Amino acid sequence: MKTIGVILLGNVLVACGGSAVSSDPGVTSNTAPLVAAPAVAPPPGCGTDTLASNASGASVVLASDAYNGSAYVIEICATTDGVHWTGPTAVGDGQEPVAAVAPNGRAVLVWLDETSTGASSIQASILPPGGSWSSPATLSSAYGRPHIVMDGSGNAMAMWAPTGTSLEGPVQTDSLAASSTTWAAPITLVANGGLATLVGNAAGDVLVTWRGQTTNLIEAAGGTILGGFRATENLAQTNGYVERPSIPAINSAGDGIVVWISTFDGTGYTTMTPSGTWSAANEVATTEVAIGVAINSAGNFVVTWTASDGGMESVTVP
């Protein structure tokens, strides 16, 4: 199974990682404190590839997405407390599964289903606390690698897009409210794009970046999980051979940044305010070099890149 690099922001899960959801302040009591039971490893057959988890120990673990002779079958093991497990459970046919787990233990799973005839679709299933995985819901008939983020209330957004430089298709998103089992209608950010990444924070702010396949423009759109997206912003021009031309990040306050690799406009970055105002481009190198971004403890962005002598350089962006 192919994976893609992800960023963990605050208490939000992005792409295929885990999350650390902060608990509310405790209530004073004269009773003895509860002692959590030690975590129990998944039973045999469940594998060790954790797709998502929360601070209470709820986890979604990939057991298998192996080919059974006619289709790739996704099998999942799950726990609501880190102690009692279910599975392996065959959730659906497909590959590239991603998941998120809400503070109450509700899990959301999204994956790509490809048939032997070449048809594809984006599928999703929901595991309520103490319940069973729902029947797969079809979110789109498009092809793409899924990503998922979830806010601190359990609202989720999925995104999918083609992954290769020669593949063409839409960049689409879909949202699921924490109180609902029905996904909203998908949103198409661009009809012909790819190499997209989705990030979000605990407040529900999201940022998506991608490369337009016909324009070779690095583009981005900010918004919220349940509120939709603001207008698309054209950031820089790249080419069709860069496998990862842009990397987004968003902090807990809703400030965003996109760093990119471009042989046309120089390697650089631009920032986004919580209200959606974008800064001018800031060039850090005139040539195409490796670039990355992280968020420090103060919520500032740390942009790194490869210098001309092969060493690493960085700048902190408030």
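When a residue number appears, it is its place in the shown sequence, counting from 1. Note that the structure is predicted; figures quoted are calculated from it, not measured. Hydrogens, waters and symmetry mates are skipped; everything else that's a heavy atom, side chains included, is used.
Residues V149 and V206 form a side-chain contact, since some pair of their non-hydrogen atoms from C-beta on lies under 4.5 Å apart. I257 is not listed as a side-chain neighbour of P248, based on a closest heavy-atom distance of 4.5 Å or more.
A donor-acceptor pair under 3.5 Å is absent between the side-chain atoms of N282 and the main chain of T270, judged by distance alone. In terms of modelled atom types and a separation under 3.5 Å, the side chain of S125 and the main chain of V91 share no donor-acceptor contact. No donor-acceptor distance shorter than 3.5 angstrom exists from the side chain of T50 to the backbone of A52, with no hydrogens or angles considered. Under a 3.5 Å cut-off, the side chain of S279 and the backbone N or O of T271 do form a donor-acceptor pair. Between the side chain of N201 and the main chain of N251, a donor-acceptor pair closer than 3.5 Å is present.
Residues passing the side-chain contact (heavy atoms from CB on, under 4.5 Å) test with L127 are A78, A107, W133, sequence neighbours excluded. Listed by chain and residue number, nothing satisfies the side chain to side chain donor-acceptor pair (under 3.5 Å) test with D113 (two or more places apart in sequence, or in another chain). Looking at residues two or more places apart in sequence or on another chain, you find no ring pair (Phe, Tyr, Trp, His ring centres under 6.0 Å) involving F229. Under the side-chain contact (heavy atoms from CB on, under 4.5 Å) criterion, A290 pairs with T306, sequence neighbours left out. Take N104 and apply the side-chain contact (heavy atoms from CB on, under 4.5 Å) test, not counting sequence neighbours, and it matches A102, R106, P129. Take A58 and apply the side-chain contact (heavy atoms from CB on, under 4.5 Å) test, not counting sequence neighbours, and it matches N54, V101. For S246, the side chain to side chain donor-acceptor pair (under 3.5 Å) test picks out T209, with sequence neighbours left out.
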Practice problem: Check the pair V60, I76 against side chain to side chain contact (heavy atoms under 4.5 Å, CB included), reporting the backbone distance first and the verdict last. | Solution: CA-CA 7 Å; V60 175; I76 295 294; 3.6 Å; yes
Practice problem: Start with the C-alpha distance between H147 and V98, add both sets of side-chain angles, then the distance that settles side chain to side chain contact (heavy atoms under 4.5 Å, CB included), and finish with yes or no. | Solution: CA-CA 6 Å; H147 299 235; V98 294; 5.7 Å; no
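For the residue pair E288 / S262, no side-chain donor-acceptor distance below 3.5 Å is found, with atom types taken as modelled.
Atoms CD and OH, on E114 and Y143 in that order, are 5.5 Å from each other to the nearest 0.5 Å. Note that CD1 of I247 is 15.0 Å distant from OH of Y269, once rounded to the nearest 0.5 Å.
Within the structure, the side-chain hydrogen bond (donor to acceptor under 3.5 Å, both in side chains) test picks out the following pairs touching residues 219-238 (sequence neighbours left out): W210-E219. For residues 183-195, the side-chain hydrogen bond (donor to acceptor under 3.5 Å, both in side chains) pairs, not counting sequence neighbours, are Q172-T188. Under the disulfide bond (SG atoms under 2.5 Å apart) criterion, the residue pairs touching residues 56-93 are C46-C77, with sequence neighbours excluded. Screening residues 71-114 for ring pair (Phe, Tyr, Trp, His ring centres under 6.0 Å), with sequence neighbours left out, gives Y67-Y72.
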Expected list for residues 291-301: side-chain donor-acceptor pairs under 3.5 angstrom, two or more places apart:
| from | atom 1 | to | atom 2 | distance (Å) |
| --- | --- | --- | --- | --- |
| N296 | OD1 | A298 | N | 3.0 |
| N296 | OD1 | G299 | N | 3.2 |
| N296 | OD1 | N300 | N | 2.9 |

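Atom CZ of F264 is surrounded by more than 12 heavy atoms from other residues, nucleotides or ligands within 6.0 Å.
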